[in-house]
Number of protein chains: 2
Amino acid sequence: MAAQPRWLDAREDRAWRVYKHAQEQLDSRLRRQLLQDSGLSEAEFRILAMLSEHPTGRVPAGELCSSMGWEKSRLSHLTRRMQEQGLIAREPNPTDARSSLIVLLALGRKTIEDAAPQHVQQVRQDFIDVFTPGELDLIGDLFERLLHHFAEEPDGALDEA
Amino acid sequence: MAAQPRWLDAREDRAWRVYKHAQEQLDSRLRRQLLQDSGLSEAEFRILAMLSEHPTGRVPAGELCSSMGWEKSRLSHLTRRMQEQGLIAREPNPTDARSSLIVLLALGRKTIEDAAPQHVQQVRQDFIDVFTPGELDLIGDLFERLLHHFAEEPDGALDEA
DNA sequence: CCGATTTGGGTGATGCGTCAACCTATGAGA
DNA sequence: TCTCATAGGTTGACGCATCACCCAAATCGG
């Protein structure tokens, strides 16, 4: 099956390679910079950011998982480590004994408030400011199309040729 | 310093969030699918692909590093693991006693030749085919601009506001 | 009310990439 | 030739994400 695949032509190959390469560079730059000036990983940053945007600073774990699109175990490992660092706490959810609430602690709030400005600045410098507003809209449109595509094809569907 | 950063406006924020989210989804889909139907990680796939494209199937480690944009230690760990799996071998480079040659073994060649068609098919399905040829060129142009930007700003340069 | 399934979450092993440190070979200058 | 800086590569510790399970609470069917 699929003995004679359609290889990528020059245009396709170039788009894919360039995209991949740029994406990796961008990722590693932002990761390194964030780590250096705040000691946070991207994942930790996003957790703290989401908690700090929440009015109460107390969010059920499942909600974090689904809004990040993460696996449960990933969040579990991560929150355990963050708890050990004193950034957050985990406490039982009164409305559902299975669930747990992730709680932003004072140190976590301070950490994210210190880290955010520099991180935004980096995102600006390494991504936003490289494009015009129109191009940003375009990027939004194109990658939103990818998201729709993924939503329609739930991962395992390459059989029915 | 940087007490009052320019936060992202609605358009910028949307572009960044959508891009990030789509990129993560795309990555995790391709990684999972590749792993499932060939047992390879993306990194292993790329190494094998590059070796198999090379006429001799013997490439100096440093060359792999620079064309992938990887750190030396990453390649070292990876090639050790691949060697243990019998995919490649490492042998001394006759022209430079410090360097080593990464050699594609028969098992490695078979593995990549089996894996490549399906992987290309996945890249097509999850990326290429979602866009028009014109859009692919556009993506190539936009992300190439990112690469040029990175090349000009060698990582640590956010001081001079 | 009881049994089966589902849901929310946690655990341990494993593979991967980074960082920092290290070692040897090479090459350039005195 | 000697010295010293640099380049190519390796190693070990560590943090992170995934996978495959596991567990208890909730929910649904009867």
Side-chain angles (χ1 to χ4, degrees), chain A residues 23-25 27-47 59-85 87-103 155-156, chain B residues 23-25 27-47 59-85 87-103 155-156:
Chain A
Q23 177 253 308
E24 281 166 17
Q25 298 247 133
D27 247 45
S28 80
R29 285 170 75 101
L30 290 178
R31 190 190 46 70
R32 189 166 18 246
Q33 287 159 345
L34 180 59
L35 186 65
Q36 273 193 326
D37 33 74
S38 70
L40 294 173
S41 67
E42 280 201 48
E44 290 170 326
F45 182 91
R46 289 178 61 184
I47 293 288
V59 182
E63 193 171 318
L64 290 177
C65 266
S66 59
S67 61
M68 304 280 194
W70 287 354
E71 302 191 3
K72 302 174 296 183
S73 71
R74 176 175 181 183
L75 188 74
S76 180
H77 286 303
L78 184 60
T79 49
R80 179 181 41 71
R81 291 185 296 252
M82 292 174 74
Q83 188 175 23
E84 289 163 1
Q85 298 175 16
L87 298 172
I88 60 156
R90 286 188 286 184
E91 46 183 65
N93 185 337
T95 74
D96 184 340
R98 294 170 301 180
S99 164
S100 61
L101 257 33
I102 310 298
V103 184
D155 227 315
Chain B
Q23 177 254 309
E24 281 167 17
Q25 297 246 136
D27 247 45
S28 79
R29 289 180 143 241
L30 290 179
R31 188 189 46 72
R32 186 164 21 243
Q33 288 160 342
L34 180 60
L35 186 65
Q36 272 192 325
D37 38 66
S38 71
L40 294 173
S41 66
E42 280 201 49
E44 290 169 327
F45 182 91
R46 290 179 60 183
I47 293 288
V59 182
E63 194 171 317
L64 290 177
C65 265
S66 59
S67 61
M68 303 281 194
W70 288 353
E71 301 191 4
K72 303 174 296 182
S73 72
R74 177 175 180 182
L75 188 75
S76 180
H77 286 303
L78 185 58
T79 50
R80 179 181 41 72
R81 290 184 297 249
M82 293 174 74
Q83 188 176 23
E84 289 164 1
Q85 297 175 18
L87 298 172
I88 61 159
R90 285 184 289 180
E91 45 183 66
N93 186 339
T95 74
D96 185 340
R98 292 170 301 181
S99 165
S100 63
L101 257 32
I102 309 298
V103 184
D155 226 317

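Chain letters run A, B, ... following the sequence lines, proteins first and then strands; every chain starts at 1.
Between the side chain of A:T79 and the backbone N or O of A:L75 there is at least one donor-acceptor pair closer than 3.5 Å. Although no hydrogens or angles enter the test, the distance criterion places a donor-acceptor pair under 3.5 Å between the side chain of B:E44 and the main chain of B:S41. Without hydrogens or angle criteria, A:S99 side chain to A:D96 main chain gives no donor-acceptor distance under 3.5 Å. For B:S38 (side chain) and B:L35 (main-chain N/O), no donor-acceptor pair under 3.5 Å exists by modelled atom type.
Between B:L35 and B:R80, the residue anchored nearer the 5' end of DNA chain D, judged by the nucleotide with its closest heavy atom, is B:R80.
Between A:E24 and B:R46 a salt bridge is recorded (basic side-chain N to carboxylate O distance below 4.0 Å).
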Can you pull every protein N or O that's under 3.5 Å from an N or O on nucleotides 24-26 of chain D?
unit_1 : atom_1 : unit_2 : atom_2 : d
D:dA26 : OP1    : A:A97  : N      : 3.1

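The separation between B:E24 atom CD and D:dA17 atom C1' is 12 Å, rounded to whole Å. Atoms CG (B:L34) and C1' (D:dC19) sit 16 Å apart, rounded to a whole Å. Rounded to an integer number of Å, the gap from A:F45 CZ to D:dC16 C1' is 18 Å. As rounded to whole Å, 14 Å separates atom P of D:dT18 from atom CD of B:Q36.
Between B:I47 and B:L87, every side-chain heavy-atom pair lies at or beyond the 4.5 Å cut-off. Inter-residue side-chain proximity for B:D27 and B:Q23 is flagged as met; some heavy-atom pair is nearer than 4.5 Å. Side-chain contact between A:R90 and A:S76 is present, with heavy atoms from C-beta onward closer than 4.5 Å. The side-chain heavy atoms of B:P60 and B:L101, taken from C-beta on, include a pair separated by under 4.5 Å.
For the pair A:R81 and D:dC16, the criterion of a side-chain N or O lying under 4.0 Å from OP1 or OP2 is met. Close to D:dC16, at under 4.0 Å from its OP1 or OP2, lies no side-chain N or O of A:R31.
Rounding to the nearest 0.5 Å gives a distance of 12.5 Å between CZ of B:R32 and CG of B:D37. Distance CD/B:Q83 to CD/B:E91: 10.0 Å, rounded to 0.5 Å.
For the segment residues 60-78 of chain B, the set of residues with a heavy atom within less than 4.0 Å of an atom of DNA chain C comprises B:E71, B:S73, B:R74, B:H77, in numerical order.
A 4.0 Å heavy-atom criterion places the boundary nucleotides of DNA chain C facing chain B at C:dC16 to C:dT26, written 5' to 3'.
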